Participant: 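One structure, pasted below without further comment.
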2 protein chains.
Amino acid sequence: MSRKAFRRLTLDERKRTLLEATLTCVAQQGLKGATVRRIAEEAGVTAGLLRHYFGSKNGLITSAYAYLIGQLTAEAETRARQSTGDANDQLRHFLIANMTMPNLSEEKVSLWATFIGRVRYETDFADIHREGYRDYLSLLEGLIEPVLAAHGLPRSAAACRRHAIAVNGLIDGLWMEGSLNSGLYSRAILPDLVTEACERLLELPAGSLSGEKQPT
Amino acid sequence: MSRKAFRRLTLDERKRTLLEATLTCVAQQGLKGATVRRIAEEAGVTAGLLRHYFGSKNGLITSAYAYLIGQLTAEAETRARQSTGDANDQLRHFLIANMTMPNLSEEKVSLWATFIGRVRYETDFADIHREGYRDYLSLLEGLIEPVLAAHGLPRSAAACRRHAIAVNGLIDGLWMEGSLNSGLYSRAILPDLVTEACERLLELPAGSLSGEKQPT
DNA sequence: AGTGTAGTTATACATTTGTATAAAATTGTG
DNA sequence: CACAATTTTATACAAATGTATAACTACACT
């Protein structure tokens, strides 16, 4: 009996492989199904490697959570910045990024919820959550402020913050229910729904965000 | 060595005891910490009873999820109906019920998130989620419609539905982030924030929901 | 008070899990 | 091509977990 043949990977490659295998497993069967053995199998390695790279299973899971949050925020931020348009356009793309794939996915929301469930009683998770939320809120605030400016609306720091909190709530809630997709409505309505709702939250003229700025 | 003394309870009493012990355990350490032994200890019984009443651990966890959702919706509905005021007042109380204790609690959100994480891959959980979401949405729709009517706003079935989806998203998102309370802002701002945001979402005159209708 | 019933306890058991450690194989370097 | 470094595998092990089942006991009813 010979040993299993293997290939060495760089530290970053290997870590990413393991993190993605972890997320795959958690998404499929929750934390309960994410055993070191199953994750290792998913990654095509043996169980010992997980400890080698992440110290313990907990270390791996924690890193996977941070990895996921990073992905979600980066995707939304990238889509906003990719937009070459004005402030309205950037905010619109940010909103839509959260209401379409890849962010709007049952898998992503399941992962996110599973991890959120641990924020309360595990310090590591609480730290990652707090930091991720803070980053996301700042990002959103930074997108909202120039939109208010463009429409000549009040834009004190306090006002921007309140708006960001509300809009973030709207995004989170729609993202969640939309991703889980209870079948009560089609996901396809979400991009328009969120932009229109955001216009009203910020008291922008109708069509500022949802208008036909990008004809077919 | 004598056996442990015990008291017989009615079926409903015992079930409720076990369900609440389950939620307590899940809230404290997540599903991982909610072992049959720990739950039994929390409930002051021995492990065998759980299977006796719920068939299996999975049956118990599933029932606990349904129990939680029922609690959350019932609390909000009760607070809305308790309000003796007009339609605006009822909607306001509904909103506020979700932004104050007992619904706005880290424990409740943690439980909810933990369970939501299983909706994707477990049929039982998906069913409970879908049904709970549908009920909640109908409830909200039923509160929104008369408010729109009172203000002479369009209130087609489609419009009410869209508004309910958006407002529900807002509530869910704020409820979550507010309960987890990252320390970025005080929970105390949420009742006003949600009512004002809802006014704008529904395009009501400012103060319709948040106004000083109930002087000290 | 006696008696049956089913609510409740107590114990056993196979399986799974995370961790630890030693052995082996891959790869870059001289 | 040999050697060293360290990535990766393979095996062992104690602890914990869900389930199954038999024994006991509280309580209602006669």
Side-chain angles (χ1 to χ4, degrees), chain A residues 1-26 28-65 114 118 121-122 124-125, chain B residues 1-26 28-65 114 118 121-122 124-125:
Chain A
M1 301 267 288
S2 70
R3 282 198 157 200
K4 174 183 175 186
F6 61 88
R7 228 184 99 225
R8 298 179 114 147
L9 294 188
T10 67
L11 186 130
D12 283 347
E13 284 174 324
R14 184 58 79 194
K15 278 200 166 186
R16 213 165 48 88
T17 301
L18 298 180
L19 290 174
E20 264 155 17
T22 304
L23 292 183
T24 300
C25 288
V26 176
Q28 279 172 357
Q29 314 217 40
L31 288 171
K32 188 180 171 182
T35 67
V36 289
R37 286 167 178 81
R38 209 189 302 259
I39 295 171
E41 186 189 20
E42 175 73 29
V45 300
T46 53
L49 259 199
L50 306 188
R51 288 196 71 243
H52 187 272
Y53 280 102
F54 294 95
S56 70
K57 185 194 172 183
N58 224 11
L60 173 62
I61 300 289
T62 305
S63 301
Y65 175 38
T114 302
R118 298 180 67 164
Y121 58 93
E122 295 210 19
D124 295 344
F125 282 77
Chain B
M1 302 270 287
S2 71
R3 284 199 155 199
K4 174 183 175 186
F6 62 89
R7 228 184 99 224
R8 301 180 117 154
L9 293 188
T10 67
L11 187 129
D12 282 345
E13 283 174 324
R14 184 59 80 195
K15 277 200 167 185
R16 210 164 51 88
T17 301
L18 297 180
L19 290 175
E20 263 155 18
T22 304
L23 292 183
T24 299
C25 289
V26 176
Q28 279 172 357
Q29 315 218 40
L31 287 171
K32 187 180 172 183
T35 68
V36 289
R37 286 169 178 79
R38 208 188 302 257
I39 294 170
E41 186 189 19
E42 175 73 28
V45 299
T46 53
L49 259 199
L50 306 187
R51 289 196 69 246
H52 187 270
Y53 281 101
F54 294 95
S56 70
K57 184 193 173 183
N58 223 10
L60 173 62
I61 300 289
T62 305
S63 301
Y65 176 37
T114 301
R118 300 180 67 164
Y121 57 93
E122 295 209 18
D124 294 343
F125 282 77

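Numbers restart at 1 for each chain; the letters A, B, ... are given by sequence-line order, proteins then strands. Computed from a predicted model, the values in this text were never measured in an experiment.
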Participant: Can you sort out which residues in residues 33-45 of chain A have a heavy atom within less than 4.0 Å of DNA chain D? Ascending by number, please.
Facilitator: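 DNA chain D contact set from residues 33-45 of chain A: R37(A), V45(A).
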
Participant: Can you check the K57(B) NZ to dT19(D) P distance for me, whole Å?
Facilitator: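 Those two atoms, NZ and P, are 8 Å apart.
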
Participant: Under 4.0 Å between a side-chain N or O of H52(B) and OP1 or OP2 of dT8(C)?
Facilitator: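 No.
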
Participant: My understanding is that only residues two or more places apart in sequence, or in another chain, count here; which of them pass side chain to side chain donor-acceptor pair (under 3.5 Å) with E42(A)?
Facilitator: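 For E42(A), no residue satisfies side chain to side chain donor-acceptor pair (under 3.5 Å) once neighbours in sequence are set aside.
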
Participant: Measuring from T46(B):OG1 to R37(B):CZ, what's the distance to the nearest 0.5 Å?
Facilitator: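 Reported value, rounded in 0.5 Å steps: 11.0 Å.
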
Participant: Can you measure Y53(B) atom OH to dT19(D) atom C1' for me and round it to whole angstrom units?
Facilitator: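 Rounded to whole Å, this separation is 19 Å.
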
Participant: Output all residues satisfying ring pair (Phe, Tyr, Trp, His ring centres under 6.0 Å) with F125(A), sequence neighbours left out; order by chain, then residue number.
Facilitator: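 Testing F125(A) for ring pair (Phe, Tyr, Trp, His ring centres under 6.0 Å), a comparison that skips the adjacent residues, returns Y65(A).
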
Participant: Distance check needed: dG18(D) P versus L50(B) CG, whole Å only.
Facilitator: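 Taking CG of L50(B) and P of dG18(D), I get 9 Å after rounding.
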
Participant: Whole-Å distance between dT9(C) C1' and L49(B) CG?
Facilitator: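 Checked: the CG to C1' distance equals 8 Å.
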
Participant: Once you round it to whole Å, what is the distance between P of dG18(D) and CZ of F54(B)?
Facilitator: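 Whole-Å distance recorded here is 15 Å.
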
Participant: What closest approach, in Å, do A21(A) and A43(A) show between heavy atoms, and which atom pair accounts for it?
Facilitator: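 For A21(A) and A43(A), the tightest heavy-atom pair comes out as CB-CB, 3.6 Å.
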
Participant: Write out all pairs satisfying side-chain hydrogen bond (donor to acceptor under 3.5 Å, both in side chains) with one or both partners inside residues 12-23 of chain A, taking only residues at least two apart or from two chains.
Facilitator: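 Listed by first then second residue: T10(A)-E13(A), E20(A)-Y67(A).
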
Participant: Show your working on side chain to side chain contact (heavy atoms under 4.5 Å, CB included) between T114(B) and L31(B) and close with a plain yes or no.
Facilitator: CA-CA 7 Å; T114(B) 301; L31(B) 287 171; 3.5 Å; yes

Participant: In whole Å, what is the span from the CD atom of Q29(A) to the P atom of dT16(C)?
Facilitator: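 It works out to 13 Å between those atoms.
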
Participant: What does nucleotides 20-30 of chain D look like as a protein-contact string, B for base, S for sugar-phosphate only, - for none, at under 4.0 angstrom between heavy atoms?
Facilitator: BB-BBSBB---

Participant: Does Y121(B) use its side chain to pair, donor to acceptor, with the backbone of Q29(A) at less than 3.5 Å?
Facilitator: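 Yes; at least one donor-acceptor contact below 3.5 Å.
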
Participant: Throw together a table of side-chain donor-acceptor distances under 3.5 angstrom for residues 48-62 of chain B, partners on residues two or more places apart or in other chains.
Facilitator:
from: S56(B); atom 1: OG; to: N58(B); atom 2: N; distance (Å): 3.4
from: S56(B); atom 1: OG; to: G59(B); atom 2: N; distance (Å): 3.2
from: K57(B); atom 1: NZ; to: A34(B); atom 2: O; distance (Å): 3.0
from: N58(B); atom 1: OD1; to: R118(B); atom 2: NH2; distance (Å): 3.1
from: T62(B); atom 1: OG1; to: N58(B); atom 2: O; distance (Å): 2.8

Participant: Roughly, in whole Å, what's the span from CG in L18(A) to P in dT7(D)?
Facilitator: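 Taking atom P of dT7(D) as the reference, CG of L18(A) is at 13 Å.
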
Participant: For L31(B) and dT17(C), give me the distance from atom CG to atom P, rounded to whole Å.
Facilitator: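 Rounding to the nearest Å, CG of L31(B) and P of dT17(C) are 15 Å apart.
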
